Each structure stands twice: as C-alpha cells, then as structure tokens.
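One structure is given here, and the rest of the page talks about it.
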Protein chains: 2
Amino acid sequence: MVHPTTMKEIARQLGVTVSTVSRALQNHPSIGLRTRERVHELAKRLDYVPNPTAINLKRRRTHNIGVVLPFLTEQFFSTAISAIEDVAISKGYSVVVMQSRNDYERERLVVGNLVKHGVDGIIVSLASETQNNSHFLEVNKHGIPIVFFDRVARNLPNSCVYVDVTAGAIEAVEYLISLGLSRIALLNGPGTLQATDERLKGYVTVMNRHGIPINRAYVRSVNLSKEDTARKMSELLDLPEPPQAVLAFNDYVALDAMQVCRQRGLAINQDIYFGSFSNLPFCSYLEHPPIASIEQFPHDMGTKAIQLLIAAIEDPQHFTREEVVIPHKLIVRQ
Amino acid sequence: MVHPTTMKEIARQLGVTVSTVSRALQNHPSIGLRTRERVHELAKRLDYVPNPTAINLKRRRTHNIGVVLPFLTEQFFSTAISAIEDVAISKGYSVVVMQSRNDYERERLVVGNLVKHGVDGIIVSLASETQNNSHFLEVNKHGIPIVFFDRVARNLPNSCVYVDVTAGAIEAVEYLISLGLSRIALLNGPGTLQATDERLKGYVTVMNRHGIPINRAYVRSVNLSKEDTARKMSELLDLPEPPQAVLAFNDYVALDAMQVCRQRGLAINQDIYFGSFSNLPFCSYLEHPPIASIEQFPHDMGTKAIQLLIAAIEDPQHFTREEVVIPHKLIVRQ
DNA sequence: CTGTTAGCGCATTCAA
DNA sequence: TTGAATGCGCTAACAG
C-alpha cells in the first residue's frame, strides 16, 4: 500500500465531498444516517486510517510527550517510564524516550531533538553532569511545558516531583547509628546534582545531632561509574580507621562498593554495613543486601510527573508551577 | 509563546514571500546572499523552529519508530531499547515506546495506537500471551514495516532478529551434565512462545544424546510471574526425586526459583544448580548466581533490529525479509 | 443534510 | 533571484 487511503479517495468513490466524509467519520449529527453508513463501510473496506500528521497540523498538538533521563537501563528510571507510559496511553498520548547518558551535551542534543520533533511537553530527570540550564530555558521560551522528576532543577520555573532526600538520608543514618555504628562514610554522587547536597546535608545533620565529629576523609563523591565507585570504596578501606558503615548515593553505588568489600574478604552486614537509596527490586534477590535503603517510589514519581505535565499541556492558562514531594520510606532488610 | 513563529511571520516582517523564506532557510542556492542572511537572522531572533508536523505532512514520513515489548522494567528489554534509541537518534529518528505487559489485548491496543499515531515502522518483541497475529497483518496491510526481535513470529513475512535458543539450551544442558548432574529439570516459559519450544527441543536433544530418560514431571511451564515460578519450583522440590539442576527460561525465572530453594535451606551451586538465559548484569552482584547463563546480547539484537527497520523504511522497494541470528554465548560463573 | 471555502505550516513547480 | 500558486490530509465555519 504505497498510498494509504485518504478521505479524498472515499469521497471520490462515493461521489460526495471530503467534508461529508470527515463529518460522517466523526459521527457528526448533521449527517444522514444512510450516508454515514456508506462512508463507514467503505472506510473499513479500504482500511482507512486517518492521517495523524494532518490532524496534528490542524489541532496544533502532537499528543507526543518526550521523556529525557540518564539511562533506560537503570531500573529506577525504567520503572518511572513504565508508569509514565501507562498514564500516557490512558490519556491518548505517546511517549518518546531519549537518554542523556548523564552527558550534558547529549542532554542538550536530545532536548533539542524533542522540540524539533514537536512534542507537546517534556519530562526530565537531569543528567548528572548538567550544570547549566540554558537548554531548558530555550524550551520554556517555546511554550513547551517541562516537568522535572527525581533529579530536578528547582531554580527553574517548571514543576518538579522529587522525594525529600535529606529526610531520607537522616533516617538512613539514624538507623545505622541505632545499630551501634559510628564510623559512617558517605559515598555520595557528583557535586552537580542537588540530590548530592541533600544527602550530605542529612548526613551532617545526624552526625551533629549525635555529636559524632565528621571525618572529612569519610565523605567522597563518585561519578556513578562502577570504576569510580570501586576506587573510592578502596580508598575508604585503606584509611587507617576504615568506616564501619557506608551510606551510598544509590543501590548501584552500594552494590559496586559492596563488591569491593567482598573481594577484600569483608562480610556484608557483619564487618561492614550499607545504607542506600532506591531500594531496587533486585536487591531482594541478594543474600546480603544493603541493610537499609530509602525507597523513592519511582512509579509514583513518574505518575505524578506526567499528571502534572498533561495538566500543563491541556490547560496552559490556569496551570501554575508545582513542587510535589513524594513520600519516601526507609526499608530495613534482614 | 502561544503562537510559535512561522515562516509566514518572518515573511511578513521582511516583506518577502513565504517561499523565499522557505528557500532561504534551506540555503537554496537561488536565494540572494543578502536575503538569506536577513531571513536567517530574523529567524534566530524570533526563535523560529520549523513545525515538524507540517514537514511530516509534506514528506509523508514522521521519523518516529514505535517499539512494543513486554516490560520496560526488565533489563533485557531496556537494554535493547537503549540500543535502539541510540541508533535511532543518530539516524534522525525518535523512538516511541509502548509496553504490552505480556498481555495480548494490550499488545493489540498499543500496536493500533502506533499506526494511528503515524510511526514509520515498528519493532516488536511479542507478548507471551500472544497467540494470534492478526494485528500485525493489519499493520503490514498499511505498508508499515515491522521487525521482530527476540520473541519473534517467524511465520510472518517480516524480518526478525533472534538468538538460536535451541543451541543455547543445548550448551547449557551439556554444561550441567558435564558437572556430573543428570536429574535436570526444565522450568520453561509459556507454550505460546516459540522460544519455549526451542528450549524444550534443546533440552530433549541433549538428554537423548546422553541416554538420560526424560522425566515428564521435570518439565514445567511458568507464565513468567514470580508466583507461578515459585509454585512450579516448589512442585519440583516436592517430587520424590527432586532435580539436581534446573534450566530456567530466563534469569528472572531462575532468581525466583532460587529464592524458593534458599527458603527450603538448599544451597545454590551445591545442593542444586541453575542454568538460565539472559545473563543479566545484576547477576554479577549475586554471591550464588546461576552457574551457567546464555548471554543473548540484547544490545546487539536491538541494534540489528533497528538497522533492518530503517533499511526497510528508507528503501521499501529493495528491502526483503531477513532473519538474523545473533550469536549467543554460554557464560559460566564461579 | 451537504457542499463550498479556507486554512493549519511548509515545500516546490512554474512563471516572471 | 523572487513571487504566485498548488497541495500534503484533514477540520470547520459558513452557506445553502
């Protein structure tokens, strides 16, 4: 089928106008029953499918929404997208995904692609290397709504959805301390992420609260790669007084760090304890998982993000910026 | 910006025609240097972005490709999508994702959405419950190319990309036997999937080859849910002569089954061994992973699938059906 | 109840 | 070198 059936073709074969066909197809009340039936019948026989592009052109809407996030392969993000896709479908939208790979330049590129591509709105979880928001300002200038989730840019005039990471960090560290541990390290994320600051803040809060002096050698940043995590964890273990526990930026960092510990003969949840963020499902398959993890409910975050976005798309006049804080939860294992 | 800048607006402000603007923007040689510069300058000043919908309407192409697969949250699939997205971007396409959740009706629905939405082509990994291909025939009728990957429908006239699962099963079972194990069970997938038959065929081949009689109680199907897997694994363990090893449909099935074993006090890779398919990255974090897993290279499958699809989109005349078999690899752990 | 007309934003053929 | 005219496929206001 080189040329798909169009309304014009149906109109020709039926000897009526295109507008008649158009109205018949939409079951417009002003069309004669007889005509309507003939049109529908022929349309079915010719496998007529309305050309979405033409409709979009008229409606000035594509019903496409773009999602930009670091990695599709991280279950945290794929869970969020899964939720987003679910809501999107139920509301008649499609989801276009693009990964930034935590690379600032690539994030710029794909965000640009999305506007060139004509999405009605964009959901973003920032690349860890992004330190400049000009590409989002650009999108705003075009009147395309954005909603940030998890890795948000709170200084932009767009809505965002996130969890209170500081509170989460506080709970996690409190829990580690309640186990009688005091030499607690922080394997934090890159300084470009707000979430990194927030974890640090929670960590410091609890340490101060308990009068535990902060050992600066215990606080390290990783770029979220396996290699960097392994290096930083090794450095921690090489300290004259290695930590008894580590609060990791997320489960991936925790897992990579735990692997280093095991290679050095340390028993997890015995010689050394881990706290982390995300509570990824596959941790439930581990015999020695991080003992505490902050569940961040990516499914809820994704759901809320797309609800906000669709609201912004469908009623741009009345929509105002929102900051939604999704409740987190400390999960204790074993 | 309620009304984005259009060529018409630029033309008006410059006192030229839309056609001039159009040509100037494309750097058409027949446009005076002076005019071209003025157009470009004003376009930039007004933040002109060409309306992709209008261009699509003219070009009769959307540069959107749809991907339908069971679950975005399974790393096997997210890895494939990740590869697909990568190639897509580099070729100027965008990826629209939809998950079938292994549900036949939902698969029908989203495939229909994709054609209504106007994608140029579709990549599919079948839902496990799909037993009828009429929705794909429908797509074919509209001249939209499809490429299947991993969970393929080889009886359809579309290209497909997969690994030789039978060969993989043969290698895995051979390996288990080489460990001195002979009571080997098969925790297979749903009967609707070709991949299920293929695993069975490999299993039977090796058992016959070694003269090991096939215990029909050892061969079970699961619907890929955690609960069903747990139930079937329990049944295996309840047999008067429980298996010494299990070949699982994939790593998820293996993990769920292994959990049941552990709960019963069995030591993995000691009291009972597991072979599986996928070799998911997070298995490397397990202290007792499946001892053998068939790596299926989802990244390669995705890459090949989209290459075939783009070829079919861009040269529909010369394109012919292809079946691509991606090499697999037996990964032995520990 | 149906046809006519116009237009969405852009590319392109044909004139000038 | 530029403009005028046409059409991609569809919707909708207006007219009859």
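Here is how names work: the chains are called A, B, and so on, in the same order as the sequence lines, proteins then strands, and each is numbered from 1. Just so it is clear, the model here is predicted, and its values are computed rather than measured.
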With the side chain defined as heavy atoms from C-beta on, B/M7 is closest, among C/dG3, C/dC10, D/dT11, to C/dC10
Which of parallel (below 30°), tilted (30 to 60°) and perpendicular (above 60°) describes B/F149 and B/F77?
perpendicular
Side-chain contact check for A/R23: nearest option of C/dG9, C/dT4, D/dT2 is C/dT4
Phosphate OP1/OP2 of C/dG3: any A/S19 side-chain N/O under 4.0 Å:
no
Could you state the CG-P distance from A/L57 to D/dT11, rounded to the nearest angstrom?
11 Å
Is the gap between the ring centers of B/H40 and B/Y48 under 6.0 Å?
no
When rounded to whole Å, the CD1 to P distance for the pair A/I31 and C/dT2 reads 5 Å
A/K58 NZ to D/dG9 C1', in whole Å, measures 10 Å
Atom CG of B/N51 and atom P of D/dC10: how far apart are they, to the nearest Å?
17 Å
Picking from C/dC1, D/dC10, D/dT1, which would you name as closest to the side chain of B/T35?
D/dT1
Checking C/dC1, C/dC10, D/dC10 against the side chain of B/T6 (C-beta onward), the nearest is C/dC10
The nucleotide from C/dC10, C/dG3, D/dG3 with an atom nearest the side chain of B/V16 is D/dG3
For B/A54 and B/V21, find the nucleotide of DNA chain D closest to each by heavy atoms; which residue's nucleotide sits nearer the 5' end?
B/V21
In whole angstrom, give the distance that lies between atom CG of A/N56 and atom P of D/dC10.
12 Å
Check the distance between D/dC10's P and B/R60's CZ and give it to me in whole angstrom.
10 Å
B/R61 atom CZ is separated from C/dA11 atom P, nearest whole Å, by 16 Å
If you round to the nearest 0.5 Å, how far is CD1 of B/I55 from NE2 of B/H63?
10.0 Å
Among C/dG9, C/dT12, C/dC8, which nucleotide has an atom closest to any side-chain atom of B/S22?
C/dT12
With side chains defined as the heavy atoms from C-beta onward, is the minimum distance between B/H117 and A/P52 less than 4.5 Å?
no
How many Å lie between CD on A/Q26 and P on C/dC1, as a whole number?
17 Å
Under-4.0 Å side-chain N/O to phosphate OP1/OP2 contact, B/K8 with C/dC8:
yes
Contact check, side chains of B/I81 and B/L72, non-hydrogen atoms, under 4.5 Å
yes
Would you say a side-chain N or O of A/R59 is under 4.0 Å from OP1 or OP2 of D/dA12?
yes
